[in-house]
Amino acid sequence: MPELPEVEVLVRHLRPLLKNKAIRSVAVRRARVIAPTRLGTFRRWLRGAKFLGVTRRGKYLLFELRAVGSRESFTLLGHLGMTGRMFLAPKKSPLPKHAAVVLELGRERFVYEDTRYFGRLTLDISAAEKLGPEPFSKGFNPPAFAQALSRSRQAIKVKLLDQSLVAGVGNIYASEALFRARISPALPARKLNTEQVRRLHRAIREALAQAIRFGSTVPLRFEGEKRDGLFYFGRDPGAPDYYSERLLVYDRKDQPCVRCKSPIKRIVQSARSTFFCPRCQPSRG
DNA sequence: CACCATGTTCCTTG
DNA sequence: CCAAGGAACATGGT
């Protein structure tokens with residue numbers, strides 16, 4: 001369930017639930033997800049520590065914690081990879097098959113589960129320090145964006161996945177932003193003109209903001225077992241299905257473009273699917 | 001069996 | 001040193 005909007009919605013959900021809760025015990029069921037932190041180190045730092053807050057940077061979750069009797073706080077870094085989930089569940093509730101880390105909080109437990117184990121929950125925060133600007137920050141502006149694009153011959157769609165360019169855009173919202181900006185995903189990054197850079201800058205913000213708004217509005221079930229193609233969160237049974245109105249091009253191969261009715265095309269770039277409308281997003285023009 | 005999947009990192013090549 | 005491409009990681013759905 002990754003990409004910035006999903007992480008943002010999750011962080012807003014977890015923040016009040018975790019605030020001031022202390023970790024009574026730590027269970028690491030899959031050591032790879034805490035790497036490169038060692039098991040002993042991980043347990044020593046977390047056991048007894050209290051959650052002060054939760055924030056987001058790109059697709060990362062930053063848990064601020066403080067050890068008992070200490071005035072210094074430290075950061076636990078989370079990432080959901082492709083299939084990660086983080087949620088609170090009642091104490092002794094059945095653990096999912098791929099529960100990777102479980103933190104006992106008293107009446108409740110914090111569960112990080114991840115089917116493919118591509119995600120992380122670690123004390124090594126170096127990955128988050130290499131990220132580019134947050135999409136809603138002043139640091140992400142058209143001139144700086146243009147400058148960053150100007151040195152790359154890569155297709156703009158591929159370049160958007162580079163987290164040092166702008167943090168948080170993933171495979172879904174890269175296609176969505178390019179559709180909104182009416183720019184071909186195959187256009188080399190350095191070929192975008194000033195107007196296109198402006199449109200793309202705006203489209204990225206709009207695609208992400210709209211998704212956050214959507215995720216904040218719809219009832220979500222964070223501990224869900226199954227993905228539902230909606231937010232990749234679980235959803236309450238019977239909740240209305242807004243999926244058809246949510247994503248404009250992603251996963252819509254052969255379906256009519258919402259703007260011009262031409263069939264949406266799927267291409268592969270750097271071994272990943274890209275969806276676009278060949279008429280609204282022409283290679284030239 | 002084949003192909004697909006929301007991500008990042010490491011290794012190689014130019 | 002840098003940019004770019006591809007494999008690897010691990011599991012499940014269709």
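Protein chains get the first letters and strands the later ones, always in sequence-line order, with residue 1 at the start of each.
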| Of the nucleotides B:dT8, C:dA10, B:dG7, which one has an atom closest to the side chain of A:Gln163? |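 The closest nucleotide is B:dT8.
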
| How would you label the contact of A:Arg190 with the nucleic acid (heavy atoms, under 4.0 Å): base, sugar-phosphate, or nothing? |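 Result for A:Arg190 = nothing.
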
| field | Touch class at under 4.0 angstrom, heavy-atom based, for A:Lys97 against every strand present | value |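 Touches sugar-phosphate only.
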
Separation of atom [atom1] in [X] from atom [atom2] in [N], rounded to whole Å:
X: A:Leu80; N: C:dC9; atom1: CG; atom2: C1'; value: 17 Å
X: A:Leu4; N: B:dT6; atom1: CG; atom2: C1'; value: 13 Å
X: A:Ile172; N: B:dG7; atom1: CD1; atom2: P; value: 7 Å
X: A:Lys253; N: C:dT14; atom1: NZ; atom2: P; value: 19 Å
X: A:Leu77; N: B:dG7; atom1: CG; atom2: C1'; value: 14 Å
X: A:Met82; N: B:dC4; atom1: CE; atom2: P; value: 13 Å
X: A:Glu129; N: B:dT8; atom1: CD; atom2: P; value: 16 Å
X: A:Leu161; N: B:dT9; atom1: CG; atom2: P; value: 14 Å

| field | Ring-base stacking, A:Phe118 with B:dG7 (5.5 Å, 30° cut-offs) | value | yes

So do [Y] and [X] actually touch side chain to side chain, heavy atoms under 4.5 Å?
X: A:Pro185; Y: A:Gln269; answer: yes
X: A:Gln196; Y: A:Leu187; answer: yes
X: A:Phe74; Y: A:Leu46; answer: yes
X: A:Phe145; Y: A:Leu200; answer: yes
X: A:Ile212; Y: A:Leu4; answer: yes

Quick one: do [X] and [Y] make a salt bridge, cutoff under 4.0 Å?
X: A:Glu176; Y: A:Arg180; value: no
X: A:Glu104; Y: A:Arg24; value: no
X: A:Arg57; Y: A:Glu134; value: yes

| said: Using a 3.5 Å limit on both distances, find every run of at least three consecutive Watson-Crick or G-U pairs that involves DNA chain C. | reply: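 When the pairs of DNA chain C are grouped into runs of at least three, the stems are B:2-5 with C:11-14, B:7-14 with C:2-9.
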
| When you look at A:Leu17 and A:Phe110, which way does the side chain to side chain contact (heavy atoms under 4.5 Å, CB included) test go after all the steps? | CA-CA 10 Å; A:Leu17 299 178; A:Phe110 171 86; over 6 Å; no

Do the side-chain N or O atoms of [X] get closer than 4.0 angstrom to the phosphate oxygens (OP1, OP2) of [N]?
X: A:Tyr250; N: B:dT6; result: yes
X: A:Arg116; N: C:dG12; result: no
X: A:Arg272; N: B:dT6; result: yes
X: A:His79; N: B:dG7; result: no
X: A:Lys59; N: B:dG7; result: yes
X: A:Arg32; N: C:dA10; result: yes

| query | A:Phe140 vs A:His201 aromatic rings, parallel, tilted or perpendicular, using cut-offs 30° and 60°? | reply | tilted

| request: Could you give the distance separating C:dG12 and B:dT9 at their C1' atoms, to the nearest angstrom? | output: 22 Å

Do any N or O atoms of the protein come closer than 3.5 Å to N or O atoms of nucleotides 1-4 of chain C, and which pairs are they?
| residue | atom | partner | partner atom | Å |
| --- | --- | --- | --- | --- |
| C:dA4 | OP1 | A:Arg153 | N | 2.6 |
| C:dA4 | OP1 | A:Gln154 | N | 3.3 |
| C:dA4 | OP2 | A:Ser152 | OG | 3.2 |

| task | I would like to know whether A:Ile23 and A:Phe51 meet side chain to side chain contact (heavy atoms under 4.5 Å, CB included); could you show each step before the answer? | result | CA-CA 8 Å; A:Ile23 300 170; A:Phe51 284 96; 3.8 Å; yes

| said: A cation-pi test, strictly: NZ or CZ of A:Arg30 under 6.0 Å from the centre of the six-membered ring of A:Tyr112 and no more than 45 degrees from its axis. Yes or no? | reply: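 Because its charged atom misses either the 6.0 Å distance or the 45° angle limit, A:Arg30 does not stack over A:Tyr112.
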
Got a list of protein N/O to nucleotides 6-8 of chain C N/O distances below 3.5 Å?
none

| said: Looking only at the side chains, is there a donor atom on one of A:Asp124 and A:Thr122 sitting less than 3.5 Å from an acceptor on the other? | reply: no

